[in-house]
Amino acid sequence: MLSAKEAGITVKKNEDFSDWYTQVVLKAGLADYAPVKGFIVLRPYGYAIWESIRDILDKRFKETGHQNGFLPVLIPESLLAREEDHFAGFTPEVFWVTKAGNNDIGERLALRPTSETLAYSIFSKWITSYRDLPLKINFWNTALRAEIKATKPFVRTSEFLWQEGHTVHATKEEAEEEVRMILDIYRELIEDYLAVPAIRGYKSEKEKFVGAEYTTTLEGMMADGRALQMGTSHHLGQNFSKPFDIKYLGRDTAEHFAWQTSWGVSWRLIGAIIMVHGDDKGLILPPKVAPIQLVIVPIHKDKDAELVKGKAAELAAELKSAEIRVHLDDRDEYTSGWKFNEWEMKGVPLRINLGPRDIEKGQVEFVRRDSREKVLSERGKAIETANLLLGKVQSDLFVRAKSLLDSHVTRPANYEEFKKTLDGKGGFVPAGWCGNPECEVRIKEETGADIRVIPFDQAGMPENCILCNAPSKKLAYFGRAY
RNA sequence: GGGGUCGUUGUCUAGCUUGGUUAGGAUGCCAGCCUUGGGCGCUGGAGGUCGCUGGUUCGAAUCCGGCCGACCCCA
């Protein structure tokens, strides 16, 4: 017999977080390793989660005036190099194509690490007048960035699924409004759908997107005390429109360089869901993005099989008609106990155990994945109860994740405490910062922590820089990150 | 950037120190029976170029080199 220990997740989340994470990814059937370092294969269950995320965002992007397009994966070096900072930032992790068959290619071609340069060289042809603006395009694709070390499924891979949005505007104000609006859509996705609370703010000059004027970000906190960047929205100013010659004739009959934004989230968000919500039994999916929201496990002896299966199918059909994503697990080859464990590992937020005694009593037994609490409902109120419980799981996951975040924000009295906190439980350490990149770099060298986010909400900014003690200019959240 | 651990069937692993077996076991898989309220039971069966590659040797999973991949620690 296979003990529960061997079949399921064999380590505890709080004892070996890294191994636990990998086991959940593999055993819940989300992804598998590919033969090339840093690449993973997304399995249907994992892809279904990505589809949920994609559908939510795609709808919001379209509602706010964006259209989807598609760009090739190869970018000539000359284009990638046109904006200097951008090129310098990305070049260490670019994969290059140098051959076509056996022949050398004259100019080497980059596998896109991001599409700004390619997109903008095209945009410049499309935009000539203020009437062509704003231009708001999104791409659902992958990006390739060679990760030399420390790869981790979803969180750090050499190729990742993402969306990258690129917009062009007539004025700076309009571009900045776009940056804010997109960050808000990301906040909605991450907090209201993925149930992961995040801190919103700016990246420091050192950490911003290379080539941007500034970067806004959403930073989440994982269960092991490490921060995760969950989404970024960049104001590019005219940094790209100038080298890429994106100009328009305004109403004033004069020629102007355009203002731009770019923004993206990736399948990293799946990593965040796992790390924030999962437990020793495996994955826990927020109902709003779960491919299967409710699984029905029929329980029966031979003599009851027909009856129970019939009733289970009826119940499944009824719940489906109420727009609940239901799966009826009527496999005969597995026992109910096996199924309980399997669906828990796969993180299905709600389960119904349906057996003869429930049918006899006219009741339905629900089991919540997050708390494993059992709730009995009258048969006639199954839809109502299912919706209620799915809502509760969704909101309780957020509450629990919020307290995880809150308990990992520690204000240090001095630099000693700052270091001690980072070496101990980790998390975010909010501190005063003089604004000097030298302090930022030294803190990174001495503690491994960098500025994750400079929150929009600057309330409670300490008077002095945590390191050099000069008057502080910013309240910055430091932390070690993935 | 520096240091370390590991790779045997789908999965987990024994064997490696001290070279020679039919590479053993568990689980999973397949067939049949039996079962389903927390990873049931019985019987039979299939599944391995021991990560790849070169070397040492009469003989390599085992010893040596290179490469590929996974993971950990430090900066």
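Every value quoted in this text rests on a predicted model; they were computed, and no experiment measured them. Every chain is numbered from 1, with letters handed out A, B, ... down the list of sequences.
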Send over the distance from A:Asn341 CG to B:U27 P, rounded to a whole Å.
17 Å
If we take the P atom in both B:G15 and B:U9, what is their distance in whole Å?
15 Å
Tell me the partner of B:U56, counting only Watson-Crick (N1-N3 plus N6-O4 or O6-N4) or G-U wobble (N1-O2 and O6-N3) with both under 3.5 Å; none if nothing fits.
none
Testing B:G38, B:G37, B:U35 for proximity to the side chain of A:Arg357, the answer is B:G37
Between A:Leu354 (CG) and B:U36 (P), how many Å, whole number?
16 Å
A:Arg200 to A:Phe456, cation-pi by 6.0 Å centre distance and 45° axis angle
no
For the P atoms, the ones on B:C73 and on B:G32, what distance do you get once it is rounded to whole angstrom?
49 Å
Taking a pair as Watson-Crick or G-U wobble with both distances under 3.5 Å, which nucleotide is matched to B:A23?
none
Under 6.0 Å from the ring centre and within 45 degrees of the ring axis: does the NZ or CZ of A:Lys203 meet both conditions for the six-membered ring of A:Phe209?
no
By nearest nucleotide on RNA chain B, pick out whichever of A:Ile359 and A:Glu446 is the more 5' one.
A:Ile359
Checking only heavy atoms, does the side chain of A:Glu365 share a donor-acceptor pair with the base of B:G37 at less than 3.5 Å?
yes
Is the CD atom of A:Glu446 crowded by more than 12 outside heavy atoms at less than 6.0 Å?
yes
For a quick test of your reading: what N or O donor-acceptor pairs under 3.5 Å do the side chains of residues 462-478 of chain A make, sequence neighbours left out?
from	atom 1	to	atom 2	distance (Å)
A:Asn464	ND2	A:Asn469	O	3.1
A:Ser472	OG	A:Pro462	O	2.4
A:Ser472	OG	A:Glu463	O	3.3

Could you go over nucleotides 67-74 of chain B and give all protein N or O partners under 3.5 Å, atom names and distances?
from	atom 1	to	atom 2	distance (Å)
B:G69	OP1	A:Lys37	N	3.3
B:A70	OP1	A:Gly38	N	3.0
B:A70	O3'	A:Tyr33	OH	3.4
B:C71	OP1	A:Tyr33	OH	3.0
B:C71	OP2	A:Thr151	OG1	3.4
B:C72	OP1	A:Ser18	OG	2.1

Can you tell me how far P in B:G1 sits from the matching atom in B:G10, rounded to whole Å?
35 Å
Working for side chain to side chain contact (heavy atoms under 4.5 Å, CB included), residues A:Val367 and A:Leu350
CA-CA 6 Å; A:Val367 187; A:Leu350 198 58; over 6 Å; no
Closer than 4.0 angstrom, basic N to acidic O: yes or no for A:Glu306 and A:Lys309?
no
Between B:G25 and B:A31 - C1' atom distance, rounded Å
23 Å
Sub-4.0 Å heavy-atom contacts from residues 346-353 of chain A onto RNA chain B, ordered by number:
A:Arg351, A:Asn353
Taking atom P in both B:A23 and B:U62, what distance in whole Å separates the two?
15 Å
Would you mind checking if A:Asp104 and A:Lys99 are paired as a salt bridge, meaning a charged N to carboxylate O distance below 4.0 Å?
yes
In this structure, how many angstroms lie between the P atom of B:G39 and the NZ atom of A:Lys281, rounded?
10 Å
Is the charged tip of A:Arg112 near the ring of A:Trp162: under 6.0 Å from the six-membered ring centre and within 45° of its axis?
no
Does B:G69 have a Watson-Crick or wobble mate here (both distances under 3.5 Å), and if so which one?
B:C6
Between the side chains of A:Glu344 and A:Arg372, is the shortest nitrogen-to-carboxylate-oxygen separation below 4.0 Å, so that they form an ion pair?
yes
Which whole-number value in Å describes the distance from A:Tyr334 OH to B:G38 P?
19 Å
Just call it for A:Arg331: base, sugar-phosphate, or nothing, with non-hydrogen atoms closer than 4.0 Å on any strand.
nothing
Just checking A:Phe154 against A:Trp267, ring centres under 6.0 Å apart?
yes
Is the phosphate of B:G39 approached by A:Thr335 (side-chain N or O, under 4.0 Å from OP1 or OP2)?
no
So what's B:U62 paired with, Watson-Crick or G-U wobble, going by both distances under 3.5 Å?
none
Mind calculating the distance between CG (A:Asp302) and P (B:C40) to the nearest angstrom?
16 Å
Between A:Gln293 and A:Lys288, do the side chains contain an N or O donor and an N or O acceptor separated by less than 3.5 Å?
no
Euclidean distance for C1', B:C74 against B:U18 (whole angstrom)
36 Å
Rounded to the nearest Å, what distance is computed from the CD atom of residue A:Glu333 to the C1' atom of nucleotide B:G39?
15 Å
Take atom NZ of A:Lys311 and atom P of B:G37, then tell me their distance rounded to the nearest Å.
22 Å
Distance check, P atoms only: B:U11 and B:C50, in whole angstrom units.
16 Å
Could you tell me whether A:Lys303 contacts a base, only the sugar-phosphate backbone, or nothing, with contacts defined as non-hydrogen atoms closer than 4.0 Å?
nothing
Once you apply a heavy-atom cut-off of 4.0 Å, does A:Glu344 come out as touching a base, just sugar-phosphate, or nothing?
base
May I have the distance from A:Lys339 (atom NZ) to B:C40 (atom P), rounded to whole angstrom?
11 Å
Suppose you measure atom C1' in B:U13 against the same atom in B:G19; what distance do you get, rounded to whole Å?
22 Å
Which base sits across from B:G28 as a Watson-Crick or G-U pair, both distances under 3.5 Å?
none
Positive for side chain to side chain contact (heavy atoms under 4.5 Å, CB included) with A:Arg369, one of A:Asp279, A:Val393, A:Val348:
A:Asp279
